[in-house]
Amino acid sequence: MTGIITDFKRFAVHDGDGIRTTVFLKGCPLRCLWCHNPESLIRRPQLAYLTEKCIDCGACVAACPKGAHQFGENGHTLDRTRCDGCGDCAAVCTAKALKFYGREMTVDEVMAVVLEDRIFYGTNGGMTLSGGEPTAQAEFTLALLEAAGKAGINTALDTCGDAPQPLFAALAPHVDCFLYDIKHIDSDRHRALTGRPNDRILENYRFLAGTGAQIEVRIPLIPGCNDDTATLDGIGAFLNAAPPRRVKLLPYHSYADGKYAALDLAPPGAALTFPDAAQMALAADRLRRHGLNVVVG
Ligand code: SF4
Ligand code: SF4
C-alpha cells in the first residue's frame with residue numbers, strides 16, 4: 001500500500017505533545033481562505049520554485065525530460081504546462097530553489113523516517129499525521145497508525161473532522177490524541193470560509209468525545225471571520241458539552257504567502273487580517289468563560 005506524502009517535519013514541537021515527526025499527507029476536502037499548507041491541498045504532485053534561491057546553474061534544464069525549465073532573455077523560467085510532476089529537477093537542484101511535493105511512499109518507507117528520530121520522542125512525543133487532511137487517504141492513514149502502534153510510537157492525528165464517522169470509529173483505537181479543528185460554529189459561515197459545511201465535523205467531534213478519545217481542539221482565529229463574540233460563545237457552548245483536554249487558539253498569519261508564490265497560486269486569504277496579542281487574549285478569555293482549558297498557540 002502506498003500514500004502520497006507532501007513532506008515531513010522533524011523535531012516538531014507544535015503538532016501535539018513532546019517532540020514529534022509530522023507526516024504531511026497530500027489532499028484535503030476543505031479550501032480554507034487562510035490555508036497555511038497550499039502544497040497539501042491536491043493529491044497530484046506539485047513543484048514549488050523559489051526564484052530568490054535560484055543560482056542559474058542550469059542543472060534542472062538538463063534533468064527535465066519535458067523541457068519545462070528554460071533559460072532565455074528573462075533568465076530561468078518554468079513552464080508548468082509541460083511539467084508532469086516527476087520530481088527529477090528538484091532532485092538535482094542543490095540550491096534548493098526547487099521543492100517537490102507529492103512523493104508516493106509505502107508504509108514501511110514512512111515509518112523508516114519516523115523511527116529515525118525515535119530516540120528523541122521520550123514518553124509523550126511521537127508521530128503526528130497532518131496534511132492536507134490525513135483522512136482523505138483513509139486506508140494509508142489507518143495503516144500508518146497501526147504500524148506506529150506496533151512500534152510503540154505515540155500517535156496524533158491532525159484532522160479537519162470532515163470524513164465519514166465509521167472511519168473515525170476505525171481510527172480512534174490507534175490515535176493517542178486527536179488535534180481537531182473547529183473553525184466556525186455556523187454551518188453557512190463555515191461553508192463560506194472553507195468550502196464545506198460543518199455538520200459532519202461537529203457530529204464527529206461529539207462522537208469522538210463520546211468514545212473518551214483524547215482531543216486537543218484547534219481554532220484558527222481570523223479577525224472578521226470567527227472572532228466575534230457570538231461565534232466564540234457558540235464554539236464555547238458546543239465544546240462545553242463535551243470538553244476536550246485543551247483548546248489551542250492559533251493566530252492567523254501570512255507565513256504561507258511565499259509558498260503560494262512558489263506554486264504560482266494566488267493566496268485566497270489575501271484580504272484577511274491578522275489578530276494581535278490583545279485580540280488573541282480577548283478570544284481566549286471568552287472561550288474560558290465556557291469552562292474550557294484554553295492556550296494561545
Ligand atoms: S537547478 Fe535550481 S538553482 Fe539551478 S537553475 Fe534550476 S532552479 Fe535554479
Ligand atoms: S518535475 Fe519533472 S517534468 Fe516537472 S519540471 Fe521537474 S523534471 Fe520537469
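For ligands, and for the atoms within them, numbers begin at 1 and follow the listed sequence.
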shortest atom 5 (S) of ligand 1-to-protein heavy-atom contact is with G58 N, 3.3 Å
Near L47 (heavy-atom distance under 4.0 Å), the atoms of ligand 2 are 5 (S), 6 (Fe)
The answer for which part of D84 has a heavy atom under 4.0 Å from ligand 2 is both
At under 4.0 Å between heavy atoms, what of I55 touches ligand 1? The answer is both
Going by the 4.0 angstrom heavy-atom rule, the piece of K53 near ligand 1 is neither
N/O/S from C57 sitting under 2.8 Å away from atom 4 (Fe) of ligand 1
yes
Check your understanding: Is the distance between the ring centroids of Y49 and H76 under 6.0 Å?
Key -> yes
The answer for which part of A68 has a heavy atom under 4.0 Å from ligand 2 is side chain
* Asked: Does atom CZ of R103 have more than 12 heavy-atom neighbours, drawn from other residues, nucleotides or ligands, at distances under 6.0 Å?
  -> no
Taken to the nearest 0.5 Å, the spacing of R43 CZ from T6 OG1 works out to 10.0 Å
Atom 4 (Fe) of ligand 2 sits nearest the protein heavy atom C83 SG, 2.4 Å
of all protein heavy atoms, closest to atom 2 (Fe) of ligand 1 is C93 SG, 2.3 Å
Against ligand 1, does H76 come closer than 4.0 Å with any heavy atom? yes
min-distance protein heavy atom vs atom 6 (Fe) of ligand 1 -> C60 SG, 2.3 Å
Could you go step by step and tell me if T128 and D158 meet the side-chain hydrogen bond (donor to acceptor under 3.5 Å, both in side chains) rule?
CA-CA 7 Å; T128 297; D158 184 5; over 6 Å; no
Item to check | Any side-chain heavy-atom pair of R196 and R31 under 4.5 Å | outcome: no
Working for ring pair (Phe, Tyr, Trp, His ring centres under 6.0 Å), residues F24 and Y101:
CA-CA 10 Å; F24 295 93; Y101 296 113; 9.6 Å; no
One finds that the ligand 2 atoms under 4.0 Å from a non-hydrogen atom of C89 are 1 (S), 5 (S), 6 (Fe), 7 (S)
Ring centroids only, cut at 6.0 angstrom: are Y205 and Y180 within range, meaning strictly under it? yes
CG of L145 to CZ of F140, rounded to nearest 0.5 Å, is 10.5 Å
Shortest non-hydrogen pair, E216 vs C177, comes out as N-SG, 4.0 Å
Atom 8 (Fe) of ligand 1: closest protein heavy atom, distance to 0.1 Å, is C54 SG, 2.4 Å
**Between K26 and Q46, a side-chain donor and acceptor under 3.5 Å** = yes
shortest atom 1 (S) of ligand 2-to-protein heavy-atom contact is with G87 N, 3.1 Å
For K66, the atoms of ligand 2 under 4.0 Å from one of its heavy atoms are 3 (S)
Quick note on ligand 2: atoms under 4.0 Å from a heavy atom of C64 include exactly 3 (S), 5 (S), 7 (S), 8 (Fe)
Scanning both residues in full, the closest heavy-atom pair of L115 with A151 reads CD2-CB, 4.2 Å
For H69, the atoms of ligand 2 under 4.0 Å from one of its heavy atoms are 5 (S), 6 (Fe)
Under 4.0 Å between heavy atoms, the region of A95 that gets near ligand 1 turns out to be side chain
For L98, the ligand 1 atoms with a heavy-atom partner under 4.0 Å come out as 7 (S)
